[in-house]
Amino acid sequence: MKIIVIIIGILLYQKYIKNMIVGVIVNYYFLNYYFLEKIIFTISSSLDVFIIVIVMSLFLFNNTFYIVLSIVAGVALLYASINNAVDNHRIIIKESIIHLIIEYYYYLLLGNHYEVIFNQIQGNLLVDWIHKENGGLISKLEKLSHTINDQSFNYLIIIIQKTEFYNSESILLEVEYLINDAMKELYDLRSEKAEKTNETLLLPMAIHLINMIMMIVFPYMTNLF
């Protein structure tokens with residue numbers, strides 16, 4: 001009977017529940033994110049791992065404590081996996097922004113107009129997205145800025161809008177400052193991700209410690225009560 005219930009639950013999960021949960025998570029947290037397709041794939045894959053953990057615990061354990069412990073571990077794994085994916089995407093976007101700023105600086109030194117510059121830049125995720133959209137360059141940049149919500153990218157748009165009005169030397173100084181600032185932000189993002197990774201590694205150790213304590217204490221508590 002237990003196996004039948006699990007099989008029915010898995011079928012319902014694959015058919016209805018999975019898409020519903022993914023939709024709720026995406027709509028609540030990630031709707032305006034760039035790389036949304038990758039985030040959806042990560043959430044979906046993480047949910048599958050979570051369900052596998054739960055199903056295995058139901059098969060292997062008859063003790064409620066271990067089932068609850070497995071659920072907690074599964075939730076923590078799901079949360080850590082999604083956060084890791086989001087952090088990776090933020091780093092990828094920041095790296096693309098830095099490469100864009102550096103190439104903009106290089107072509108600006110050559111005396112090119114900003115529209116010509118964006119036509120010359122190849123192999124950049126953000127520029128590739130811009131080329132696929134319709135409309136003027138500034139409007140496409142502003143539309144993308146609302147999606148990625150990055151301070152360095154917003155500042156780059158301001159510099160591009162001022163390019164025709166400021167002398168080249170002051171613009172170059174602003175771009176140089178922007179490159180340094182963006183590099184610091186990238187360093188902070190990587191440091192933050194490393195700290196989160198270290199914190200995540202503590203969770204399995206904590207679960208294992210709780211498990212060991214309960215294995216020692218639980219029999220004595222049973223005898224007492």
Side-chain angles (χ1 to χ4, degrees), residues 25-43 80-200:
I25 294 174
V26 169
N27 281 303
Y28 193 78
Y29 292 105
F30 307 111
L31 190 60
N32 294 322
Y33 269 62
Y34 192 60
F35 292 128
L36 186 59
E37 296 83 2
K38 292 185 178 180
I39 291 177
I40 291 174
F41 176 78
T42 300
I43 295 172
S81 177
I82 294 173
N83 272 278
N84 182 65
V86 171
D87 289 339
N88 286 338
H89 293 157
R90 289 171 64 195
I91 290 172
I92 290 171
I93 291 171
K94 180 60 73 174
E95 289 174 343
S96 298
I97 291 170
I98 291 172
H99 293 156
L100 173 59
I101 298 170
I102 292 173
E103 290 191 83
Y104 183 81
Y105 180 82
Y106 169 74
Y107 286 113
L108 200 61
L109 281 173
L110 298 179
N112 291 315
H113 187 268
Y114 64 81
E115 291 186 355
V116 177
I117 291 174
F118 274 84
N119 289 329
Q120 291 174 318
I121 296 174
Q122 303 293 328
N124 186 287
L125 290 172
L126 304 180
V127 176
D128 290 345
W129 182 92
I130 289 170
H131 288 329
K132 293 176 183 177
E133 292 294 306
N134 296 322
L137 177 59
I138 298 299
S139 64
K140 289 189 288 187
L141 289 170
E142 290 175 346
K143 181 180 178 181
L144 183 58
S145 73
H146 291 302
T147 304
I148 62 178
N149 192 26
D150 183 272
Q151 183 176 349
S152 299
F153 189 75
N154 294 339
Y155 192 10
L156 176 62
I157 295 175
I158 294 173
I159 291 175
I160 290 171
Q161 290 174 320
K162 295 191 301 185
T163 299
E164 292 184 326
F165 304 101
Y166 280 49
N167 62 67
S168 59
E169 184 177 351
S170 67
I171 288 294
L172 289 175
L173 289 174
E174 287 193 58
V175 178
E176 288 174 5
Y177 168 81
L178 183 57
I179 292 171
N180 293 329
D181 194 55
M183 292 292 289
K184 291 177 183 177
E185 290 176 3
L186 178 60
Y187 175 81
D188 291 339
L189 285 175
R190 287 176 172 167
S191 299
E192 182 182 344
K193 184 178 182 296
E195 290 177 4
K196 287 182 180 179
T197 302
N198 292 333
E199 291 173 0
T200 303

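- The shortest side-chain heavy-atom distance between W129 and L125 does not fall under the 4.5 Å cut-off.
- Checked for salt-bridge contact, D181 and K184 miss the test: no charged N lies under 4.0 Å from a carboxylate O.
- Considering every non-hydrogen atom in both I157 and S145, the closest pair reads CD1-CB, 3.7 Å.
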- side chain to side chain contact (heavy atoms under 4.5 Å, CB included) between L156 and I97, worked out: CA-CA 9 Å; L156 176 62; I97 291 170; 5.5 Å; no
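- The shortest non-hydrogen separation linking I121 to L100 is CD1-CD1, 3.5 Å.
- From R90, atom CZ reaches atom CD of E185 across 10.0 Å, with rounding to the nearest 0.5 Å.
- With rounding to the nearest 0.5 Å, the separation of CG in L189 from CD1 in I92 is 12.0 Å.
- Listed by first and then second residue, the side-chain hydrogen bond (donor to acceptor under 3.5 Å, both in side chains) pairs involving residues 99-112 are Y104-T163, Y105-E176, N112-Q120 (not counting sequence neighbours).
- Remark: E133 engages K143 in a salt bridge (charged side-chain N to carboxylate O under 4.0 Å, His left out) (not counting sequence neighbours).
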- Message: For a side chain to side chain contact (heavy atoms under 4.5 Å, CB included) check, start with the C-alpha distance between L173 and Y177, then their side-chain angles and the critical distance, and finish with the verdict.
- Response: CA-CA 6 Å; L173 289 174; Y177 168 81; over 6 Å; no
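- Between I171 atom CD1 and I160 atom CD1 the span is 10.0 Å, to the nearest 0.5 Å.
- Judged purely by atom type and a 3.5 angstrom limit, K140 uses its side chain to pair as donor or acceptor with the backbone of I130.
- The CZ atom of F118 sits 11.5 Å away from the NE2 atom of H113 when rounded to the nearest 0.5 Å.
- Residue L144 holds its CG atom at 4.0 Å from CZ of F153, rounded to the nearest 0.5 Å.
- Note: S96 OG to I101 CD1 = 11.0 Å, rounded to the nearest 0.5 Å.
- Across K94 and A182, no two heavy atoms sit closer than the pair CD-O, 3.9 Å.
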